[in-house]
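Heads up: the structure comes next, in structure tokens.
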Amino acid sequence: MTKTKDTKDLSFEDAVKELDDIVKKLEAGEASLDESITLYERGVALRKHCESQLDAAHKKIEKITQDANGNISTTPLDAE
């Protein structure tokens, strides 16, 4: 197995691609037990990384509203 990047250095898209590749390898059942365990551990780390990035993106999303006078304001999406 090649040396892998630290998950913090991966973009969301790269992490999802690598996670998809890991799932395909594990589903194929061609990896040894040791390699399967290593792949699984990497997959868990990638999943956590992706969830963290999604959570951070979700917190940045704002709802844009316009009042009767035409004034525009934003509020966090979760403020409802």
Side-chain angles (χ1 to χ4, degrees):
M1 180 177 268
T2 60
K3 185 172 166 97
T4 55
K5 281 184 166 182
D6 189 350
T7 57
K8 69 180 180 188
D9 296 330
L10 293 173
S11 68
F12 176 80
E13 293 78 10
D14 288 342
V16 169
K17 166 101 175 69
E18 185 179 341
L19 187 54
D20 186 51
D21 291 344
I22 287 172
V23 169
K24 287 177 184 174
K25 273 186 176 178
L26 290 172
E27 286 178 342
E30 297 174 3
S32 68
L33 178 59
D34 287 339
E35 184 181 8
S36 294
I37 291 169
T38 300
L39 288 168
Y40 179 81
E41 290 171 342
R42 176 69 174 174
V44 169
L46 289 165
R47 180 190 57 82
K48 287 179 182 178
H49 174 68
C50 289
E51 286 178 348
S52 174
Q53 286 194 328
L54 286 173
D55 185 48
H58 181 75
K59 288 177 182 175
K60 291 179 183 177
I61 295 172
E62 295 182 323
K63 179 179 177 184
I64 300 171
T65 56
Q66 185 174 12
D67 66 18
N69 296 325
N71 296 319
I72 295 176
S73 62
T74 61
T75 56
L77 187 60
D78 291 338
E80 296 180 37

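Everything numeric in this text was worked out from a predicted model, so none of it was measured.
- With sequence neighbours excluded, the residues forming a side-chain contact (heavy atoms from CB on, under 4.5 Å) with Phe12 are Val16, Cys50, Gln53, Leu54, listed by chain and number.
- Within the model, atoms OG1 of Thr7 and CG of Asp14 stand 12.0 Å from one another, a figure rounded to the nearest 0.5 Å.
- Taking CD of Glu18 as the start and CD1 of Ile22 as the end, the distance is 4.5 Å to the nearest 0.5 Å.
- Atom CD in Glu30 sits 10.0 Å away from atom CD in Glu35 (nearest 0.5 Å).
- In this structure a side-chain-to-backbone donor-acceptor pair under 3.5 Å is present from His49 to Leu10.
- For Lys25 and Asp21, the salt-bridge test fails: no basic side-chain N is under 4.0 Å from an acidic carboxylate O.
- Every residue was checked against the salt bridge (Lys or Arg N to Asp or Glu O under 4.0 Å) condition with Lys48, not counting sequence neighbours, and none meets it.
- Every residue was checked against the salt bridge (Lys or Arg N to Asp or Glu O under 4.0 Å) condition with Glu13, not counting sequence neighbours, and none meets it.
- Partners of Asp34 according to the salt bridge (Lys or Arg N to Asp or Glu O under 4.0 Å) rule, which considers only residues two or more places apart in sequence or in another chain, do not exist here.
- Evaluation of the side chain to side chain donor-acceptor pair (under 3.5 Å) rule for Asp67 yields Asn71 as partners, not counting sequence neighbours.
- Remark: Glu41 CD to Leu46 CG distance equals 12.0 Å, nearest 0.5 Å.
- Every residue two or more places apart in sequence or in another chain was checked for a salt bridge (Lys or Arg N to Asp or Glu O under 4.0 Å) with Asp9, and none qualifies.
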